[in-house]
Amino acid sequence: MRHDPEYLTFDCYGTLIDWETGIAEAFMKAAAASKVQISREDVLRLHADAEPKVQAEGYRTYREVLAETAVRMAKEIGWQLEKAKAEFLANSLPSWKPFPDTNSGLKRLTAAGIKLGILSNIDDDLLKGTLKHFSVTFDPIVTAQQVKSYKPAQAHFEEARKQLDGKHWLHAAQSYFHDVEPSIALGIPVVWVNRKHERARGEARPDAEVDTITGLADLLGAD
């Protein structure tokens, strides 16, 4: 893999933002208010099962995806959550925090002259709240709202390819399913930010693997 990309795009939630903590805390708080107890582990397990199914049913805003996902998660634990009261995940999203290594790593990358972008399964307004947590700027930004689909569908990557127009581009992401596999399928160089130390899926392999944005900056020689 060439270690001198002009552009480096990221998945946002799970790669730069600690979305598991954000989701778990918001869901547990709302459940507790309804006298329902659930562990962080069970929240994340239910979410990981429900959200991809909701996204695969056809495009709807991510705010709607989160609400429908919350309703289905609640149903699994016997909590009769009304759709009208399921906005708490989306409402909490702007408060979800970056991982401790995110901003320092991003600063190193921009100082090395690498331009940064985001390809995210998100709505524009929700991402706007998240961008306030970062110490760098991103361009291009491609959202699910803009391309009317969710990764691992290829529209995010095709739109980024169109915008970058032949520039040397590297993608970095935590999710093998949503980002690494489609990047490989499209011939886009990709680094797996394997924060959870998971095993690779299937036969597809990334160009490199790190476990933090610090590790990515090291890989790319960003001082």
Side-chain angles (χ1 to χ4, degrees), residues 5 7-20 22-23 44 46-70 72 89-90 93 96 98-99 102 106 116-131 134 138-164 167 169-196 198-210 213 216:
Y7 282 86
L8 175 59
T9 59
F10 290 92
D11 169 58
C12 186
Y13 302 94
T15 304
L16 303 178
I17 294 290
D18 184 1
W19 79 321
E20 287 191 344
I23 287 168
L44 296 178
L46 291 171
H47 179 268
D49 180 66
E51 185 176 90
K53 294 176 182 176
V54 175
Q55 290 176 332
E57 291 171 357
Y59 178 75
R60 62 187 95 180
T61 68
Y62 193 59
R63 185 178 293 275
E64 292 170 326
V65 166
L66 285 174
E68 178 61 24
T69 297
R72 296 187 192 186
L89 287 180
L93 193 150
W96 299 356
F99 290 102
T102 293
L106 293 176
L116 308 182
I118 285 177
L119 314 183
S120 181
N121 283 348
I122 194 70
D123 301 337
D124 291 339
D125 67 318
L126 293 177
L127 180 60
K128 185 177 180 180
T130 293
L131 291 175
F134 297 126
F138 297 90
D139 183 25
I141 292 175
V142 181
T143 66
Q145 182 177 356
Q146 293 168 19
V147 298
K148 298 297 187 290
S149 72
Y150 288 96
K151 298 178 291 180
Q154 297 179 350
H156 283 79
F157 304 98
E158 296 288 10
E159 177 60 25
R161 177 175 273 164
K162 178 181 176 181
Q163 291 188 32
L164 294 177
K167 302 290 195 307
W169 163 35
L170 178 67
H171 188 56
Q174 183 273 325
S175 176
Y176 219 82
F177 172 72
H178 291 96
D179 289 86
V180 175
E181 290 180 324
S183 293
I184 293 169
L186 289 167
I188 298 165
V190 60
V191 175
W192 185 19
V193 184
N194 188 9
R195 289 191 177 276
K196 299 192 286 185
E198 298 172 313
R199 298 188 64 165
R201 295 160 44 102
E203 296 182 0
R205 293 293 179 270
D207 295 88
E209 179 180 335
V210 297
I213 306 304
L216 179 61

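This is a predicted model, so every value here is computed, not measured.
With ring centers used as reference points, Trp192 lies 6.0 Å or more from His171.
Closest heavy-atom contact between Gln146 and Ile141: OE1-O, 3.2 Å. Taking both residues in full, the closest heavy atoms of Thr69 and Glu51 are given as OG1-CA, 3.6 Å, listed atom of the first, atom of the second, then distance. Closest approach of Ile213 and Thr15 over heavy atoms only: CD1-O, 4.1 Å. Pairing each heavy atom of Ile184 with each of Pro206, the nearest pair is CD1-N, 3.8 Å. In plain terms, the two heavy atoms of Pro182 and His178 that are nearest each other are CG-O, 3.2 Å. Here the shortest heavy-atom pairing between Gln145 and Asp124 reads OE1-N, 2.8 Å.
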Val193/Phe10 under side chain to side chain contact (heavy atoms under 4.5 Å, CB included): CA gap, chis, key distance, verdict | CA-CA 10 Å; Val193 184; Phe10 290 92; 5.6 Å; no
Side chain to side chain contact (heavy atoms under 4.5 Å, CB included) between Thr9 and Leu116, intermediate numbers included = CA-CA 6 Å; Thr9 59; Leu116 308 182; over 6 Å; no
List the steps and the verdict of side chain to side chain contact (heavy atoms under 4.5 Å, CB included) for Ile122 and Cys12.
-> CA-CA 9 Å; Ile122 194 70; Cys12 186; over 6 Å; no
Leu16 and Leu106: side chain to side chain contact (heavy atoms under 4.5 Å, CB included), yes or no, with the steps?
-> CA-CA 9 Å; Leu16 303 178; Leu106 293 176; 4.2 Å; yes
May I have the step-by-step check of salt bridge (Lys or Arg N to Asp or Glu O under 4.0 Å) for Asp49 and Arg72, ending in yes or no?
-> CA-CA 10 Å; Asp49 180 66; Arg72 296 187 192 186; over 6 Å; no
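In this structure, Tyr62 contributes its side chain and Thr143 its backbone to no donor-acceptor pair below 3.5 Å. Judged by distance alone, with hydrogens and angles left aside, the side-chain atoms of Glu68 form no donor-acceptor pair with the main-chain N or O of Val65 at under 3.5 Å. Checking side-chain atoms of Arg161 against main-chain N and O of Leu186 turns up a donor-acceptor pair under 3.5 Å. Not one N or O on the side chain of Thr102 forms a donor-acceptor pair closer than 3.5 Å with the backbone of Pro98.
Ion pairing of Glu158 with Lys151 is absent here, as no side-chain N (NZ or NE/NH1/NH2) approaches a carboxylate O to less than 4.0 Å. Between Glu57 and Arg60 there is a salt bridge, since a side-chain N of the basic residue sits under 4.0 Å from a carboxylate O of the acidic one.
Taking the ring-ring contact (aromatic ring centres under 6.0 Å, His included) definition, one finds that Phe99 meets it with nothing, sequence neighbours left out. Under the side chain to side chain donor-acceptor pair (under 3.5 Å) criterion, Asp123 pairs with no residue at all, not counting sequence neighbours. Not counting sequence neighbours, the partners of Tyr150 by the ring-ring contact (aromatic ring centres under 6.0 Å, His included) test are Tyr59.
Put simply, the side chain of Val191 reaches to within 4.5 Å of the side chain of Leu216, judged on heavy atoms. A 4.5 Å side-chain heavy-atom check between Asp18 and Trp96 finds every atom pair outside the cut-off. Phe177 places a side-chain heavy atom less than 4.5 Å from the side chain of Ser175. The closest side-chain heavy-atom distance from Thr61 to Leu126 is not below 4.5 Å. The closest side-chain heavy-atom distance from Gln174 to Val180 is not below 4.5 Å.
Within 6.0 Å of NZ on Lys148 lie more than 12 heavy atoms contributed by other residues, nucleotides or ligands.
When Arg195, Lys196, His47 are each tested for a side chain to side chain donor-acceptor pair (under 3.5 Å) with Glu20, only one passes: Lys196. Exactly one of Asp179, Asp11, Val142 qualifies for a side-chain contact (heavy atoms from CB on, under 4.5 Å) with His156. That residue is Val142.
Counted by atom type alone, Tyr13 and Thr130 present one or more donor-acceptor pairs between their side chains at under 3.5 Å.
The OH atom of Tyr176 lies 9.0 Å from the CZ atom of Arg201; values are rounded to the nearest 0.5 Å. Note that OG of Ser183 and CG of Leu119 are 8.0 Å apart. Values are rounded to the nearest 0.5 Å. Note that the CG atom of Asp139 and the CD1 atom of Ile118 stand 10.5 Å from one another [nearest 0.5 Å].
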